[in-house]
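To start, the structure itself, in C-alpha cells.
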Amino acid sequence: MQVINLDAQRLKMLAPQPPLVLALGFFDGVHQGHQRVIQTAKRIAKQRGLPLAVMTFNRHASQLFQSQATFRYLNTVAQKIQHMDALQVDRLYITDFNHQFAGLTPTAFIKDYLVGLNAQVVVAGFDYTFGQGGVNGMRELAELGAPYFETVTVDRLANQQLKVSSTRIRDLIARGQLEQANELLGYTYATQAAFSPLTRTIQLANRQQQLPAAGDYRCWLVGANYRQAVVLRVTTTLKIISPYQLPPVAAVLDVDIQWQQRVAQAVSPVLDQQQQSQCRKA
C-alpha cells in the first residue's frame with residue numbers, strides 16, 4: 001500500500017494519479033460501518049480494474065476549531081494505516097485537516113482533491129459531509145461531482161437497531177464495555193503504548209486515545225517477539241496487577257494493548273506482597 005500525505009502544496013506537486021475508485025471518510029476506528037464503505041469501494045474497483053484508494057484526515061475537525069476539546073481517538077494514524085493495509089487498500093491519502101482545507105468551498109474540494117486525484121467513482125457513507133462548515137452531504141456531492149465522477153452512497157450499518165458509529169464505540173469503551181465495543185469494531189480494540197517491564201508501568205503513545213473507565217481489564221500486550229496476557233488496572237495510570245513473563249530484554253518495549261474485557265476488581269499478587277512487606281517493616 002502506498003501512503004501519500006496531502007495538503008494544498010503537496011497536491012500541486014503530486015504526479016498525475018491513475019484513474020481510481022476513492023473512498024472518503026475520517027474512519028476513526030475503521031469499524032464495521034467503515035469497513036462496509038471500503039469493501040463497497042473495493043468491489044467496484046475490482047469490477048472496473050482500477051486501484052482502490054482511500055482519502056482520510058490526520059486530525060478530527062474538533063481539534064482545529066475547539067483547541068480545548070477533549071476529543072478521544074480510537075486509532076492513531078499509524079494504526080489507521082495498518083487497518084487500511086489489512087483491507088487491501090492500494091493508495092491511502094492522508095490529508096492535513098488544517099484551516100486552509102477546512103475553508104474550501106464544496107466546488108474547490110471536488111475539483112482540487114477528488115478530480116485532482118483522478119477519482120472515477122467516489123464512495124462514502126450516508127452521513128459524510130464536506131466543504132466549509134461541513135454542511136454539504138452526499139446529495140450535494142453527487143450533484144456537484146456528476147460531470148466528473150460517479151458517486152456511491154453506502155447506507156448505515158446498524159447493530160441492535162442503533163447506528164454503528166465511532167461515537168457509540170468511544171462511549172462503550174469509556175464505560176468499560178469492551179466486548180460490545182470490539183463487536184462493533186470487528187476486531188479487538190488496541191492502544192499503542194511504551195511498556196517498562198521492570199516497573200510494570202505503561203505509558204500511552206498518544207494520550208488522546210480513548211481509554212476504558214477505571215477498573216481492571218484482561219488484556220494482551222503485543223510487541224516485537226512478545227505476547228503476554230495480563231490484567232491491567234486503569235486509574236490515573238496504567239499498571240499490570242497480574243503475574244507475567246518478562247520479555248527477552250528488560251528495555252522499554254513498544255506494545256499494543258489489546259483490550260479484551262473488564263474483570264471483577266482483584267487484589268494484585270504483587271501489590272499484596274508489597275503491602276505485607278511494608279506491614280512487617282512497620
Side-chain angles (χ1 to χ4, degrees), residues 1 3 23-43 52 54-63 70-89 92 94 123-128 154-193 202 204-223 227 229-232 234 238 254-263:
M1 183 180 72
V3 179
L24 299 176
F26 183 54
F27 298 124
D28 187 35
V30 197
H31 56 60
Q32 292 200 58
H34 297 150
Q35 292 168 36
R36 187 178 183 183
V37 171
I38 295 167
Q39 294 293 357
T40 299
K42 181 180 178 180
R43 185 175 64 253
L52 168 63
V54 170
M55 190 174 90
T56 188
F57 308 98
N58 63 347
R59 65 175 64 86
H60 190 265
S62 66
Q63 302 299 283
T70 56
F71 182 82
R72 291 291 178 262
Y73 292 93
L74 295 174
N75 293 151
T76 64
V77 173
Q79 287 175 317
K80 191 181 289 187
I81 290 172
Q82 291 171 357
H83 286 301
M84 294 297 177
D85 192 36
L87 289 168
Q88 299 180 316
V89 171
L92 177 62
I94 302 177
V123 182
F126 72 99
D127 55 354
Y128 181 78
V154 178
D155 293 335
R156 80 171 191 166
L157 178 65
N159 174 279
Q160 296 179 350
Q161 298 185 335
L162 294 173
K163 173 188 167 187
V164 176
S165 70
S166 300
T167 300
R168 183 180 171 195
I169 294 168
R170 284 187 209 103
D171 183 59
L172 287 169
I173 294 170
R175 289 189 274 123
Q177 297 176 335
L178 272 304
E179 291 170 296
Q180 295 95 319
N182 290 340
E183 180 184 353
L184 300 186
L185 285 167
Y187 62 87
T188 303
Y189 181 62
T191 52
Q192 293 183 316
I202 296 175
L204 286 181
N206 184 340
R207 291 183 178 276
Q208 287 186 293
Q209 265 199 285
Q210 182 68 60
L211 273 181
D216 295 347
Y217 296 88
R218 204 176 305 283
C219 305
W220 283 94
L221 299 184
V222 181
R227 181 177 174 83
V230 298
V231 175
L232 196 60
V234 178
L238 302 177
D254 291 330
V255 296
D256 276 347
I257 307 170
Q258 296 180 353
W259 300 85
Q260 304 286 321
Q261 61 183 162
R262 193 170 192 166
V263 296

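Taking the centre of each ring, Tyr73 and His60 stay at or above the 6.0 Å mark. Between His83 and Phe27, the ring center distance fails the sub-6.0 Å criterion.
Using a 4.5 Å cut-off on side-chain heavy atoms (C-beta onward), Leu204 and Gln192 make no contact. Taking the side chain as every heavy atom from C-beta outward, Gln258 and Arg227 approach each other to under 4.5 Å. Side-chain contact between Leu87 and Gln35: present, with at least one pair of heavy atoms (C-beta onward) separated by less than 4.5 Å. Side chains of Lys163 and Asp127 form a contact here, defined as non-hydrogen atoms less than 4.5 Å apart. With a 4.5 Å cut-off on side-chain heavy atoms, Arg170 and Asp28 count as touching. At a threshold of 4.5 Å between non-hydrogen side-chain atoms, the residues Asn182 and Gln261 do not count as touching.
Closest approach of Gly33 to Leu157, counting heavy atoms only: N-CD2, 3.7 Å. Residues Ile173 and Ala181 approach most closely at CG1-CB, 3.6 Å, considering heavy atoms. The heavy-atom pair separating Gly25 from Thr56 by the smallest distance is O-OG1, 3.1 Å. Residues Asn58 and Val77 come closest through the heavy atom pair O-CG2, 4.2 Å. Here the shortest heavy-atom pairing between Ala213 and Ala174 reads CB-O, 3.0 Å.
A side-chain donor-acceptor contact under 3.5 Å links Arg36 to the backbone of Arg156. For Gln88 (side chain) and Lys42 (main-chain N/O), no donor-acceptor pair under 3.5 Å exists by modelled atom type.
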Discussion item. As a quick check of understanding, evaluate side-chain contact (heavy atoms from CB on, under 4.5 Å) for Leu211 and Trp259, giving each step before the final call.
Written reply: CA-CA 10 Å; Leu211 273 181; Trp259 300 85; 3.8 Å; yes

Discussion item. For a side-chain contact (heavy atoms from CB on, under 4.5 Å) check, start with the C-alpha distance between Ile257 and Leu221, then their side-chain angles and the critical distance, and finish with the verdict.
Written reply: CA-CA 5 Å; Ile257 307 170; Leu221 299 184; 4.0 Å; yes

Practice prompt. For Met1 and Ile81, run side-chain contact (heavy atoms from CB on, under 4.5 Å): C-alpha distance rounded to whole Å, both residues' side-chain angles, the deciding distance at 0.1 Å, then the answer.
Written response: CA-CA 9 Å; Met1 183 180 72; Ile81 290 172; 3.7 Å; yes

Fill in: Audit row: Asp171, Arg175, side-chain contact (heavy atoms from CB on, under 4.5 Å) steps and yes/no
CA-CA 6 Å; Asp171 183 59; Arg175 289 189 274 123; 2.6 Å; yes

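No side-chain donor-acceptor contact under 3.5 Å links Gln209 and Thr191.
To the nearest 0.5 Å, atom OG1 of residue Thr188 and atom CH2 of residue Trp220 are 11.0 Å apart. Here the OG-CG distance, from Ser166 to Asn75, works out to 8.5 Å after rounding to the nearest 0.5 Å. A distance of 12.0 Å separates CZ of Arg59 from CD1 of Ile94, quoted to the nearest 0.5 Å. Going from atom CD1 of Ile169 over to atom CD of Glu183 covers 10.5 Å, rounded to the nearest 0.5 Å. From Gln260, atom CD reaches atom OH of Tyr189 across 14.0 Å, with rounding to the nearest 0.5 Å. Note that CG of Leu74 and CD of Gln208 are 12.5 Å apart. Values are rounded to the nearest 0.5 Å.
Of the options Gln32, His31, Arg168, a side chain to side chain contact (heavy atoms under 4.5 Å, CB included) to Leu184 is made by Arg168 and by none of the others.
Under a cutoff of 6.0 Å and an axis angle of 45°, Lys80 and Phe26 form a cation-pi pair.
When the shell of 6.0 Å around CZ of Arg218 is examined, it contains 12 or fewer heavy atoms from other residues, nucleotides or ligands.
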